[in-house]
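Everything below concerns the one structure shown next.
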Amino acid sequence: MNSPKMRPIAAAIDLPGMERSILDFWRTNSIFEASTQAREGAQPWTFYEGPPTANGMPGTHHIEARVFKDVFPRYQTMKGKYVTRKAGWDCHGLPVEIAVEKELGFTGKGDIEKYGIAAFNDKCRESVTRHVDAFTTMTNRMGFWVDFDQAYWTMAPEYVESVWWSLKEIWKKGLLVQDHRVAPYCPRCGTGLSDHELAQGYETVTDPSVYVRFPVTSGELADLGAALLVWTTTPWTLVSNTAVAVHPDVDYAVAEVVVEENREVLVVAEALLSALSGEVKVLKVIKGRDLERVTYKRPLDLIEIPDSHFIVLATYVTTEDGTGLVHQSPAFGADDLAVCRGYGLPVVNPIAPDGKFLADVPLVGGVFFKEADKTLVKELKSRGVLYKHQPFEHPYPHCWRCHTALIYYAQPSWYIRTTSIKDELIRENNKTNWHPETIKTGRYGDWLNNNIDWALSRNRFWGTPLPIWRCEDKHEVCVDSLAELGALAGQELSNLDPHRPFVDDITFPCAQCSKEMNRVPEVIDCWYDSGAMPFAQWGYPHKPGSVEKFKAAYPADFICEAIDQTRGWFYTLMTIGTLVFDQSSYKSVLCLGHILDKDGRKMSKHLGNVLEPISLMDQHGADAVRWYMLAAGSPWSARRVGHDAISDVVRKTLLTYWNTISFHTLYAEASGFELSQSPALKDRSMMDKWIISELNALIQEVDKSYSEFDSQNAGKALARFIDDLSNWYVRRSRRRFWDGDTAALATLHECLVSLTQLLSPMVPFITEHVWQELVKVADPSVAASVHLTDFPIADPSRINLELNAQVAMTRRVVELGRSARAESAIKIRQPLQRALISANGWSTLPTDMKEQIADELNVIDLADIADADGDLVDISVKANFKSLGAKFGKEVQDIAKAIAATDPTELVKGLRKSGSAKVGTWEIDLADLVVTEVPKSGWMVASHDGESVALDLALTPELIETGNVREVIRFIQERRKSDGFEISDRIKVRWNAEQSVLSAISSAKAHISDEVLALEFERDETIATSDNELGIEVVLKKA
RNA sequence: GGGCCCAUAGCUCAGCCUGGUUAGAGCGCUUCCCUGAUAAGGAAGAGGUCGGUGGUUCAAGUCCACCUGGGCCCA
């Protein structure tokens, strides 16, 4: 075999610049397409892309989810799976409408109707397209491989038709129905909000909280002149006050209150008497149930409310806060509505859909409901019914997009009866593989257990139209396609845009009563659109071929989004799957924590702490950002992102990897190494076998971590290996690389090839660059891209755990020795005669490793401390609390004292002889002690965890001379470099030095010449000596 | 108001499940060493009442309760 020579790679690298050229390479050679095509016919591994809403520019938090969505599909592809990655865009919904309204300067629905629905929806479509471009750019730049050409768009006619089909399936089961309910409603947007939308909009606000007197007008309380004391934080609802609710089982106090000689009688829950101030005397206690139907005079009489204004009973009333008497306004509270219906009370609503009081209401007609509070509180005061008024801070729901305060409002709405499939949802959730696991039974499980019906409809414009047509007599038809609609209407409609207003224009006679059928006006929640993507992305079941495609890719093996999607996409995806196919749409879900700014705050436009993703990647490189997201901290905890944290990644991990590559190519090229020269593993050194052993253990670890979606652990293992490789294997083997040792070069090459593959899902750019510049150069027969290779397979027979442990010990001993040397203030360049070692397993440590320690510490002889003279060693002992505590419990403190009082040398000697010994009255063995052996004075010692290294600091003239020679070599090497010689250049050296070291240098001439590649090495007395330690000065010439 | 998660060095985080007496790593800082991977590598030092209070225990960063602060979710 004639394998090619390698070429050197410069150590300096411009990461972002390199990434741009890799992007070109991928595009030009269609590498992404090739990576999936190569697996066609293999077992599929299905990934669903949760479509981003294209209503704004992408932020750094979008990178986070997209990194995770990229790394596992890349890994599974390398494992031989067929992983298609279809991009998607969430096009509909209020967010898009809001953005367009802002651009057009609109303030409400009226403006849109004036402008025209068709024109408005065109603007929405255009806005979506524009923002999709920005997402595409960001996605490409970060190296997220996803197929944009096949992307699904939720506004595409075939997508809408597929959604219609699924709605009809649900409608046929009787689970899609219209109902009236009090629900949160945004008066600005003119639409009800679903519960998962509601969840996103709570804001803490300060409202006026008022305590209001409702004078009693019947029974004995009226005779006492008592007033009910009612507390509310929504004074505007007092206009439509209909009743007052009390809890049947709560005790209510009739209290006489005297403040500055003013006397009055008030009724409050006994537990909440503290709401009253002044001198309070309880006249009487009455059970709530005995107050039923007691009448009162309402505080405001601005509108007509017939046959009402008495006390009703309700079990939802609490004595947590307020007064225990709750004012009832059935149009504005779900509980109120239910209670008042029970008493046959009227539902009176003085507020128009735009959130303003009806024009004919006195005092507040035409005023926005929240704005009316001030006027109404003033009015209450002037009427003398205001008892107390104080600001109250509490969370209040706001519209998640426009931040307008929501109003709970009785309105007709279409619902999906998700409560009727609750058991099925819980069953499907139990089968789901959640990461982290706690979500399954925690947050998400709780949500399912408390499931409520899905409020599906929206009174808006830009959304999937609800495909239900209805006649005056409320006969209903649900259509599943344009074809069905065309058949009903007797028209060819296959090219109709299935959006408003075009579908609204289609009418046909009712099959039952022949009256005209019109579409209901609502569009649907856009969360339904995205939850329908498993089938709608294929246009299922109408589009030819969609049935096969859907079946091959359902359910998903993997989806991944941030934690806020528990009630969003994770829910709608599972729910629609269960409703339509009786099976959840996904098997595994990775639920990410949020990205925070460097101070731990949420990134948001209005805080101005958003990191712009493209510039972040252009500054540090996409690989660095990716590695940070994947490996720094836990994927499921919230994490802080800042420039410093990301540049650390570059320095610590990526550049160390890169430097190792560069080092390898430098020497492979210099020695003319070819892969065909690689010796068999059995013929390689212990160091080689060790790093190969570590490599195979690494492959196992990384493979397992990726398969469990644990990128953090994969990253940790990879970073540790990079450090082992660079800072121990290469460092210790440097001499062999200079000598062109083929075993070392082959070993390093093999490690780098596998390492590059293992890293490639996480950092696809730099690994591709290495593949092209190193791997492919050394062996042109390999795959055209690292991303077209198979994932490395570990060879367990090459894993040698004993060897790994021995190297680990070697490194610990070296670390101790270095510490001792640093302490001794003798330069490492100066050799020492002897070091004594104390460590478990020292006697069986291979000679190779002992030699490495000697070399690393620059010591001539190493010996076991046990072999040294007995007097050389001091023994000290400490109580081992863990073992003693288990045996003796609370006596440990006394035993520890007794041990401390015993002569340690005698104690250990005795224990070693007989296995047990008595300390005080207690029988202990060797395991109950922590024994430390250190050499006596005159030595420099470092110890840790029972291992020690002791250095003999005595210097002989021979040792000093050897040290000086080494100094000369180092000096010349440095000069070679500063003079710009190539590492393989041969040189001529002329030198001069101080008198005292002349003979030493001359006698080491051969050795020095060899080390510095000198063909000539001659003293030249005309050269002036310098003022360094040896006075040495040299002049180098290329030979 | 309720649920879940989090709080350890100036910064980013391990350790906690399974309690053990000098609490670790990386970055940053100071000093020193080494040097043909050199914008690297090594050693030492400064820096911690392990958020607070109480409890369990011979022993608590670790287990329990409460509190404070932050995040997410629910109302």
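A, B, ... follow the sequence lines: proteins, then strands. Residue 1 opens every chain.
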Are A:Y444 and A:F570 an aromatic pair by the rule of ring centers under 6.0 Å? no
With a 4.0 Å cut-off on N to O distance, would you call A:R735 and A:D741 a salt bridge?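 No, no charged N to carboxylate O under 4.0 Å.
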Do A:D979 and A:K1037 meet the salt-bridge criterion of a basic N to acidic O distance under 4.0 Å? no
Using whole Å, report how far [atom1] of [X] lies from [atom2] of [N].
{"X": "A:Y657", "N": "B:G41", "atom1": "OH", "atom2": "P", "answer": "18 Å"}
{"X": "A:H664", "N": "B:A40", "atom1": "NE2", "atom2": "P", "answer": "23 Å"}
{"X": "A:L666", "N": "B:A40", "atom1": "CG", "atom2": "P", "answer": "18 Å"}
{"X": "A:L654", "N": "B:A37", "atom1": "CG", "atom2": "C1'", "answer": "16 Å"}
{"X": "A:W658", "N": "B:G41", "atom1": "CH2", "atom2": "P", "answer": "18 Å"}
{"X": "A:M629", "N": "B:U12", "atom1": "CE", "atom2": "P", "answer": "16 Å"}
{"X": "A:R811", "N": "B:G42", "atom1": "CZ", "atom2": "P", "answer": "9 Å"}
{"X": "A:L655", "N": "B:G41", "atom1": "CG", "atom2": "P", "answer": "10 Å"}

I'd like the [atom1] distance from [M] over to [N], given in whole Å.
{"N": "B:U53", "M": "B:U68", "atom1": "P", "answer": "15 Å"}
{"N": "B:A46", "M": "B:C17", "atom1": "P", "answer": "30 Å"}
{"N": "B:C29", "M": "B:A40", "atom1": "P", "answer": "11 Å"}
{"N": "B:G54", "M": "B:C11", "atom1": "P", "answer": "26 Å"}
{"N": "B:C63", "M": "B:G15", "atom1": "P", "answer": "12 Å"}
{"N": "B:A39", "M": "B:C6", "atom1": "C1'", "answer": "37 Å"}
{"N": "B:A7", "M": "B:C16", "atom1": "P", "answer": "12 Å"}
{"N": "B:G51", "M": "B:G71", "atom1": "C1'", "answer": "16 Å"}

Please check the phosphate of B:C34 (OP1 and OP2 only) for any side-chain N or O of A:R970 closer than 4.0 Å.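 No, no such contact exists.
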With a non-hydrogen cut-off below 4.0 angstrom, is [X] in contact with a base, only sugar-phosphate, or nothing?
{"X": "A:T660", "result": "base"}
{"X": "A:F971", "result": "nothing"}
{"X": "A:F981", "result": "base"}

Dot-bracket assigned to RNA chain B with the 3.5 Å Watson-Crick/G-U criterion, [ ] for crossing and | for other-strand pairs, is (((((((..((((......[...)))).(((((.......))))).....(((((..]....)))))))))))).
Can a donor-acceptor pair be found, under 3.5 Å and without considering hydrogens, that links the side chain of [X] to the backbone of [Y]?
{"X": "A:R986", "Y": "A:K1038", "result": "no"}
{"X": "A:Q973", "Y": "A:E1011", "result": "yes"}
{"X": "A:T572", "Y": "A:W527", "result": "yes"}
{"X": "A:D928", "Y": "A:I924", "result": "no"}

Comparing A:K882 and A:Q973 on RNA chain B - which has the more 5′ nearest nucleotide: A:K882
Heavy-atom nearest nucleotide on RNA chain B taken for A:V892 and for A:V1012; more 5' hit belongs to A:V1012
Side-chain touch A:E64/A:Y628, heavy atoms, less than 4.5 angstrom: no
What about A:S726, does its side chain sit under 3.5 Å from the base of B:A37 through a donor-acceptor pair? yes
